[in-house]
Undergrad: 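Dumping the structure here so I can ask a few things about it.
Hydrogens, waters and symmetry mates play no part in the numbers below; they use all other heavy atoms, side chains included. Keep in mind that this is a model prediction, so the values were computed, not measured.
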There are 2 protein chains.
Amino acid sequence: MKTFSLFHYFKVKIDRIKNNVYLYSEISIYLMKRKVTLKQIARELDVSISTVSKSLRNSLEISEDTRQKVQAFAKLYNYKPNNIALSLKNKKTKTICIIIPEIIHHFFATVISGVENVANENGYNVLVCLSDESFDKEVINMEMLANGSIDGFIMSLSKETQQKKDFHHIVEVINQGMPVVMFDRVTNEILCDKVIIDDNLAAFNATQYLIDKGFKKIGLISTVDYVSVGKLRTEGYIKALKNNDLKIEENLILKIEDTENFEESIANLLANNEIDAVFAVNELFAVTAIKEANKLGKKVPEDISIIGFTDGIISKYSSPSITTVSQNGVKMGGKAAKMLIERLEAEEEDEEQYKTEVIETELVERESTK
Amino acid sequence: MKTFSLFHYFKVKIDRIKNNVYLYSEISIYLMKRKVTLKQIARELDVSISTVSKSLRNSLEISEDTRQKVQAFAKLYNYKPNNIALSLKNKKTKTICIIIPEIIHHFFATVISGVENVANENGYNVLVCLSDESFDKEVINMEMLANGSIDGFIMSLSKETQQKKDFHHIVEVINQGMPVVMFDRVTNEILCDKVIIDDNLAAFNATQYLIDKGFKKIGLISTVDYVSVGKLRTEGYIKALKNNDLKIEENLILKIEDTENFEESIANLLANNEIDAVFAVNELFAVTAIKEANKLGKKVPEDISIIGFTDGIISKYSSPSITTVSQNGVKMGGKAAKMLIERLEAEEEDEEQYKTEVIETELVERESTK
DNA sequence: TTTCAACACGAAAACGTTTTCGGTGTATAA
DNA sequence: TTATACACCGAAAACGTTTTCGTGTTGAAA
């Protein structure tokens, strides 16, 4: 029994501790070695577990003398309370889970960063789960963790979930009393706190920006409609055109389904139409548009202007760098975490109404527009 | 007491269950509502907790009859065992923690992705902690989680930790019997499992590649030496030059300390020297070199060739796309997770010797070299 | 000397599991 | 009828905490 031998390593030292001779300076060297529990300290010091616990928490019930003795001993063995036991007792884990479709998307990475910051400031840990855009993985993750492992969820829906419109797993979790905050890819069918950007407005502004520059034939590279943000951004684009009495031309609108091999579709869009500007709903589409334009002998921004969405690594370091709608992921994640934690620490479900926070976007002008 | 009223909602149904009339088809509708425990089921069914537990685990000690009754009831109330309680009992949390300096670096994001995959396959969850390149945050995170919250660590050292060379927090954790796997930014001062790439060799190969193309004046953009990978890559570069009897010119070697505002340094390097090729130790430096070269009127790859390190988003989508040393983060994370889990599930610390796995790199040829 | 408060500490319950061990009751064999 | 076996079930310990309540000792006041 390794845990026992531990107590005989520094017999001399311990006896001195017991006799209230505290040698703090000598103690730090012996910090190492296995986990020690209240029970073990209690046994060794010939007091009860309660006494040890109270001593360490500086309870007034305990005499100055034993308190110091216990604390010195605990320090010697580097006692730290077991978090799992505390979680069980308190019915709180101080851990929140964020479920995102993919981590390699820069935007989601920044959101995690924002969540982590705020969570840590408030003493929470962050569990990251990747749904991989899969409905099943989303469900499994949630069911797995909803059984005491965490205190609440922050999530952005997977594509498949948005397509199926099946949200039973989320409803169940909420019904069990566990708070959920959705961000970015949300749905109206679930009642919970949400934090989003005004995709519609942002797209409208971006398109308007192009129109103001004098462009008439503005292409749109979007996603299929079941991706909520794709749909909203498409609507914003259309609204801007209508507002300026420009014709909506179906062949200028490209809706990409597959995230692989979309280069050809974009090349076709650019080749077969007299487009003088493009609004792309993400930075991948934007940078690909630049590449394909170059291949067709069209220079950016001289021959064609391009605006992207999401201010990530690509937009910043592409040549030319890309004018884009900046969507502050860090702020978004931070806000989501704040909302979740506030709800967790509210006096037992005030059942106060759910809120939807809108993070403002900003158009970052770079080299891809003129 | 909300938890009680629950038991009176569907009184009729329950009575039928008790009388062994199992109506599975009707059950699914009532899945919702709060967490139910073994104790509650036991009380309601007038059996002991042990019986309920055994029934649900299909113990042979329990009669077919009560087993079915209990299982039907548990299903009705969507019983799921409490993970925290299980963790406490089993002294295993089935959670591993990955500590990385920053999540917005594409490479680290891919590592997380690899860790997540392997972890999930083996029934583990992944807790992500960001050290933010800070020693203190690294220490706090580790101390916080080493108290039962997780089963093991996967980590890459923060810059500050590498600079201070203070690894006491890691030693302590290991001494407590918690396995640690280090990746990418590792140190020889710690004995544990590691997974790295052969930075030296990879840099050597990349430099050799440039030399083979006929370049003589090859610049190096590296980091300061306390960043282990920066140092190793620098050594590889120097070795390649020496091997080919090329002069090592100090003014062709740029060591960047600050990750902000390094553009000027790079511009100076390119402006003040007759450089015909550059090897950069990460993709940020590589893409910046391209930008600065362009500003100086030098075209890539016509006037100057550039090789980067880490095959990330930037290298792929930059124009021109960047020839780079591909460092497979997913594979690296997967390997690290595999090593950690194997150690966790080994028959109680065989104390088998620690291993260091080397992930092979690959030179991905793109447009930035000719 | 008796009474009472203050003090210092311990026992035990609770959180939700799993598992070991022991104890019923019934049926079968002697 | 008695002994044995077996099927079925419950009590209790264990994981590591915190907290409530109870209890014994001490000293001072009556």
Side-chain angles (χ1 to χ4, degrees), chain A residues 1-3 20 34-71 74 77-94 145-151 176-177, chain B residues 1 3 20 34-71 74 77-94 144-151 176-177:
Chain A
M1 300 264 81
K2 271 177 181 166
T3 27
N20 291 349
R34 309 190 91 70
K35 294 274 79 176
V36 81
T37 68
L38 290 185
K39 189 195 280 194
Q40 293 172 314
I41 297 181
R43 192 189 305 152
E44 203 65 14
L45 251 36
D46 261 325
V47 292
S48 75
I49 297 180
S50 336
T51 303
V52 178
S53 175
K54 287 172 192 164
S55 298
L56 294 176
R57 323 193 89 241
N58 282 317
S59 162
L60 296 175
E61 285 182 64
I62 306 299
S63 72
E64 180 70 15
D65 216 48
T66 41
R67 220 164 67 206
Q68 290 209 8
K69 181 157 52 181
V70 170
Q71 292 190 0
Y77 282 118
N78 193 25
Y79 170 80
K80 296 274 172 57
N82 180 302
N83 282 328
I84 297 292
L86 287 179
S87 293
L88 182 60
K89 185 138 209 359
N90 301 332
K91 298 181 149 235
K92 280 183 190 170
T93 62
K94 284 281 185 179
L145 294 169
N147 304 109
S149 302
I150 60 157
D151 294 343
Q176 281 176 12
Chain B
M1 302 262 83
T3 27
N20 293 349
R34 306 187 96 71
K35 295 273 80 176
V36 80
T37 69
L38 289 185
K39 190 196 276 195
Q40 293 173 314
I41 296 181
R43 192 190 304 152
E44 202 66 13
L45 251 34
D46 260 324
V47 292
S48 75
I49 295 180
S50 338
T51 303
V52 177
S53 175
K54 288 175 192 164
S55 298
L56 294 177
R57 323 192 88 239
N58 282 317
S59 161
L60 296 175
E61 286 184 62
I62 306 298
S63 72
E64 180 69 17
D65 217 48
T66 41
R67 220 162 68 205
Q68 291 210 6
K69 183 157 51 182
V70 171
Q71 291 192 0
Y77 281 118
N78 195 25
Y79 169 80
K80 298 270 175 56
N82 181 303
N83 283 328
I84 297 293
L86 287 178
S87 294
L88 182 59
K89 185 139 207 3
N90 302 332
K91 298 180 149 240
K92 281 183 190 168
T93 61
K94 284 283 185 175
M144 171 123 199
L145 294 169
N147 304 109
S149 301
I150 60 156
D151 294 343
Q176 281 175 13

Undergrad: Within this structure, what is the CG-NZ distance for the pair B/N147 and A/K35, rounded to the nearest 0.5 Å?
TA: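 Here the interatomic distance stands at 4.0 Å.
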
Undergrad: Looking at every strand, decide which applies to A/L86 at a 4.0 Å heavy-atom threshold: base, sugar-phosphate, or nothing.
TA: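 Contact class for A/L86: sugar-phosphate only.
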
Undergrad: Please assess B/V47 against B/V52 for the test side-chain contact (heavy atoms from CB on, under 4.5 Å), listing each intermediate value before the final yes or no.
TA: CA-CA 7 Å; B/V47 292; B/V52 177; 3.7 Å; yes

Undergrad: Going by heavy atoms closer than 4.0 Å, what residues in residues 48-63 of chain B are next to DNA chain C?
TA: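 Heavy-atom cutoff 4.0 Å gives B/I49, B/S50, B/S53, B/K54, B/R57, B/E61.
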
Undergrad: Once you apply a heavy-atom cut-off of 4.0 Å, does A/K91 come out as touching a base, just sugar-phosphate, or nothing?
TA: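 Since only primed, P, OP1 and OP2 atoms lie under 4.0 Å of A/K91, the category is sugar-phosphate.
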
Undergrad: Any sub-3.5 Å donor-acceptor pair from A/E44's side-chain atoms to A/I41's backbone N or O?
TA: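 No; zero donor-acceptor contacts below 3.5 Å.
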
Undergrad: Roughly how far, to the nearest 0.5 Å, is the OG atom of B/S50 from the CD1 atom of B/I62?
TA: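 B/I62 atom CD1 to B/S50 atom OG measures 8.0 Å (nearest 0.5 Å).
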
Undergrad: Just checking A/K80: base, sugar-phosphate only, or nothing, at a heavy-atom cut-off of under 4.0 Å?
TA: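 Result for A/K80 = sugar-phosphate.
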
Undergrad: Going 5' to 3' on DNA chain C, which nucleotide is the first and which the last to come under 4.0 Å of a heavy atom in chain B?
TA: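 Nucleotide range with atoms under 4.0 Å of chain B: C/dC15 to C/dC21.
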
Undergrad: For atom NZ of A/K94, is the number of surrounding heavy atoms from other residues, nucleotides or ligands below 6.0 Å larger than 12?
TA: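 Yes - once you tally the heavy atoms of other residues, nucleotides and ligands closer than 6.0 Å, there are more than 12.
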
Undergrad: So what does A/T66 touch, heavy atoms closer than 4.0 Å: a base, only the sugar-phosphate, or nothing?
TA: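 The answer is sugar-phosphate, as A/T66 gets under 4.0 Å only of primed atoms, P, OP1 or OP2.
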
Undergrad: Quick one: does any side-chain atom of A/N83 pair with a main-chain N or O of B/M144 as donor and acceptor, under 3.5 Å?
TA: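 Yes; judged by distance alone, with no hydrogens or angles, the pair exists.
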
Undergrad: Need to verify one output field. Residue with the more 5' nearest nucleotide on DNA chain C, A/L88 or A/D46?
TA: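 With A/L88 and A/D46 compared, the 5'-side residue is A/D46.
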
Undergrad: Please name the pair of heavy atoms, one in A/L38 and one in A/S53, separated by the smallest distance, quoted to 0.1 Å.
TA: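 Minimum heavy-atom separation between A/L38 and A/S53: CD1-CB, 3.9 Å.
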
Undergrad: Using only atom types and a distance under 3.5 Å, with no angle test, would you say the side chain of A/N82 pairs donor to acceptor with the backbone of A/I84?
TA: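 Yes, because the side chain of A/N82 sits within donor-acceptor range (under 3.5 Å) of the backbone of A/I84.
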
